[in-house]
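Working notes, structure below.
Just so you know, residue 1 is the first one in the sequence shown, and it goes up from there. Both counts, for ligands and for their atoms, begin at 1 and track the order of listing.
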Amino acid sequence: MPSVLLFDLDGTLMDTAPEIADALGDTLARLGLPPVDEARVRGWIGDGARALLGKALCDAGVLSTPSPVAPHPAGDTAADAAGAARRDLTAGRGGDAALLAQAWRGFAVDYALRCGSRSRLFPGVAALLARCRERGLRLAVLTNKEGRFAHQLLVRHGIAEAFDLVVAGDSLPVRKPDPAVVHHALQAFDAEPDQALLIGDSVTDVRTARAAGIGVWLVRHGYPGGEPAGADAPDRWLDHFDAVEPEACARVAIA
Ligand SMILES: O=C(O)COP(=O)(O)O
Ligand SMILES: [Mg+2]
């Protein structure tokens, strides 16, 4: 009977905020904007790098909304294009989406250059992954970060081989908290929800797990700050990965 452990990436396996802040600073500087301090950046991590850029540009007053809607497709004829442009003008959209798309092209390069430079594994991660592999658990990463950056981080920190699967923010048409990301992993492992456990750091992770009907533990060292309570409370809080026994994970996953 397989046991499946699903790990969130940013704020759970790795502290990535320092280099994300560096990369954002590079992008903002090119736009003539001041850098943002790391503590602020921390609060924007969790929906992927592109969403983080949108939040930063909105905070800087450059965008009116962090995730602007793309303009209507122009269509095939001049009349279609004029109609689409008129609709975009009326809806006040188009400009922000184009601006974000342009800034994203720069940020994607800046982040690729910084990715793995100042991030670090949280204490106990490598040892926990090794213990889980020894006991035969199937391991996956479930992150909202874009796949190319997630892979770069896993390789740079020497833990890529520990995972059988990475479901990233752009792997599927949806991302966390949509339970489809969990379903995708369960299908890949031919496992049932009661055989899986998600270890994360955020309300998003709790909601993803609950929607998919799997167990969820949260680390206290993550990014969102505060401790989600009520329906958003995890099944267990983790103070340190050294305290996590693969047998306990398997028991929860199978319970
Ligand atoms: O915002 C991100 O880059 C991804 O965050 P996550 O790994 O916590 O899902
Ligand atoms: Mg996280």
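- Nearest protein heavy-atom neighbour of atom 1 (O) of ligand 1: G46 N, 2.6 Å.
- Side-chain contact check for F7 versus T143: every heavy-atom pair is 4.5 Å or farther apart.
- Note on the Mg ion (ligand 2): protein N, O or S atoms under 2.8 Å away count 3, no waters included.
- A donor-acceptor contact under 3.5 angstrom links the side chains of Y223 and D15, judged on distance only.
- Against a heavy-atom cut-off of under 4.0 Å, D47 is close to the following atoms of ligand 1: 1 (O).
- Among all protein heavy atoms, the one lying closest to atom 2 (C) of ligand 1 is G48 N, 3.4 Å.
- Considering K145, R175, K55 as possible partners of D47, the one that fulfils the salt bridge (Lys or Arg N to Asp or Glu O under 4.0 Å) test is K55.
- Considering both main-chain and side-chain atoms, L142 never comes within under 3.5 Å of ligand 1 through any nitrogen or oxygen pair.
- No continuous path of ILVMFWY side-chain contacts below 4.5 Å connects L113 to V41, so the two sit in separate hydrophobic clusters.
- Using a 4.0 Å cut-off between a side-chain N of Lys or Arg and a carboxylate O of Asp or Glu, D110 and R30 qualify as a salt bridge.
- Given atom 3 (O) of ligand 1, the protein heavy atom at minimum distance is K145 NZ, 3.3 Å.
- Protein heavy atom closest to atom 7 (O) of ligand 1, with residue, atom name and distance, is T143 OG1, 2.6 Å.
- A 4.5 Å side-chain heavy-atom check between I20 and D22 finds every atom pair outside the cut-off.
- On a distance-only criterion, N144 and ligand 1 share at least one N/O pair closer than 3.5 Å.
- H157 is listed as a side-chain neighbour of M14, based on a closest heavy-atom distance under 4.5 Å.
- The N/O atoms of I45, backbone and side chain alike, include none that comes under 3.5 Å of an N/O atom in ligand 1.
- Atom 8 (O) of ligand 1 has as its closest protein heavy atom D8 OD1, 2.7 Å.
- For ligand 1, the atoms lying closer than 4.0 Å to a non-hydrogen atom of L9 are 7 (O).
- Linking Ile, Leu, Val, Met, Phe, Trp and Tyr residues whenever their side-chain heavy atoms come within less than 4.5 Å leaves V203 and V182 in two separate clusters.
- Ligand 1 lies out of reach of G11, whose nearest heavy atom is not under 4.0 Å from it.
- Without hydrogens or angle criteria, D164 side chain to R138 main chain gives no donor-acceptor distance under 3.5 Å.
- Evaluation of the ring pair (Phe, Tyr, Trp, His ring centres under 6.0 Å) test over residues 121-143, restricted to residues two or more places apart or in two chains, returns F122-H221.
- Side chain of Q152 to backbone of A112: a donor-acceptor contact under 3.5 angstrom is found.
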